[in-house]
**Student:** 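First the structure, then my questions, so here it is.
Below, read A as the first sequence line, B as the second, and so on, with proteins coming before strands; counting in each chain starts at 1. Computed over heavy atoms, backbone and side chain alike; hydrogens, waters and symmetry mates excluded. Computed from a predicted structure; not experimentally measured.
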Amino acid sequence: MAQRIGTKLFVSRLSFYTTKDQLKNLFSPFGQVTEVNLVMDSRTGRTKGFGFVSYQSENEALKAIKAMNGRIIAGRIIFVEPAKDTR
DNA sequence: GCTGAGCGG
């Protein structure tokens, strides 16, 4: 299977006030985002601090990773890496 | 009103 990226991106270490809309406009210019999902907590109704971003192609997803990995968002460092294809 | 490793529904 070798190294497979996948179109799903795992975005973590976000600020607790960052929303899905923020991620969308931050990851949109790097490629066509087909899906943006911010994981919410059922107890507080706020973000867990991580989410998922999907692109049309793996090359766009990989480009977004290199472009946004370890970048400053909302004054915090965010980690971007391919999500597990455990789906 | 806060916190801070991880892979959601």
**Student:** Using heavy atoms to find the nearest nucleotide of DNA chain B for A:Arg46 and A:Met40 separately, return the residue whose nucleotide is more 5′.
**Tutor:**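 The residue mapped nearer the 5' terminus is A:Arg46.
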**Student:** For A:Ile65, enumerate each residue passing the side chain to side chain contact (heavy atoms under 4.5 Å, CB included) test, keeping only those at least two apart in sequence or located in another chain.
**Tutor:** A:Leu9, A:Leu62, A:Asn69, A:Val80, A:Pro82
**Student:** Select one nucleotide: of B:dG9, B:dC7, B:dG6, the one nearest the side-chain heavy atoms of A:Ala83.
**Tutor:** B:dC7
**Student:** I need the minimum non-hydrogen distance between A:Gln32 and A:Glu60, along with the two atoms involved.
**Tutor:**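 Taking every non-hydrogen atom into account, N-OE1, 3.5 Å.
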**Student:** Indicate, with a heavy-atom threshold strictly under 4.0 Å, whether A:Phe79 touches base, sugar-phosphate, or nothing.
**Tutor:**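 No contact at all - A:Phe79 keeps every heavy atom at 4.0 Å or more from the nucleic acid.
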**Student:** Nearest-Å distance, NZ (A:Lys84) to C1' (B:dA5)?
**Tutor:** 12 Å
**Student:** Would you classify A:Leu14 as touching base, sugar-phosphate or nothing, given that sugar-phosphate means primed atoms plus P, OP1 and OP2, and contacts are heavy atoms under 4.0 Å?
**Tutor:** base
**Student:** If I take atom CD from residue A:Glu81 and atom CZ from residue A:Phe10, how far apart are they, to the nearest 0.5 angstrom?
**Tutor:** 6.5 Å
**Student:** Could you state the atom-to-atom distance from NZ of A:Lys48 to P of B:dG4 in whole Å?
**Tutor:**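 The answer, rounded to whole Å, is 17 Å.
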**Student:** Choosing from B:dG6, B:dG1, B:dG8, which nucleotide comes nearest the side chain of A:Arg13?
**Tutor:**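 Looking only at side-chain atoms, A:Arg13 lies closest to B:dG6.
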**Student:** Can you figure out which of B:dC7, B:dC2, B:dT3 approaches the side chain of A:Phe16 most closely?
**Tutor:** B:dT3
**Student:** Which pair of non-hydrogen atoms, one from A:Phe52 and one from A:Val39, has the smallest distance, and what is that distance?
**Tutor:**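 Scanning both residues completely, I find the closest heavy atoms to be CE1-CG2, 3.9 Å.
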**Student:** Between atom CD1 in A:Ile78 and atom C1' in B:dG6, what is the gap in whole Å?
**Tutor:** 15 Å
**Student:** Which nucleotide in the list B:dG1, B:dG4, B:dG8 gets nearest to the side chain of A:Ser15?
**Tutor:** B:dG4
**Student:** Report the distance from atom CZ of A:Phe10 to atom P of B:dG9, rounded to the nearest whole Å.
**Tutor:** 12 Å
**Student:** How many Å lie between CD1 on A:Ile77 and C1' on B:dG6, as a whole number?
**Tutor:**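 Rounding to the nearest Å, CD1 of A:Ile77 and C1' of B:dG6 are 17 Å apart.
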**Student:** Rounded to the nearest Å, what distance is computed from the CZ atom of residue A:Arg43 to the P atom of nucleotide B:dG8?
**Tutor:** 14 Å
**Student:** Under a 4.5 Å cut-off applied to non-hydrogen side-chain atoms, are A:Leu26 and A:Ile73 in contact?
**Tutor:** yes
**Student:** Ring-on-base stacking between A:Phe52 and B:dC7, under 5.5 Å between centres and under 30° between planes: is it there?
**Tutor:** no
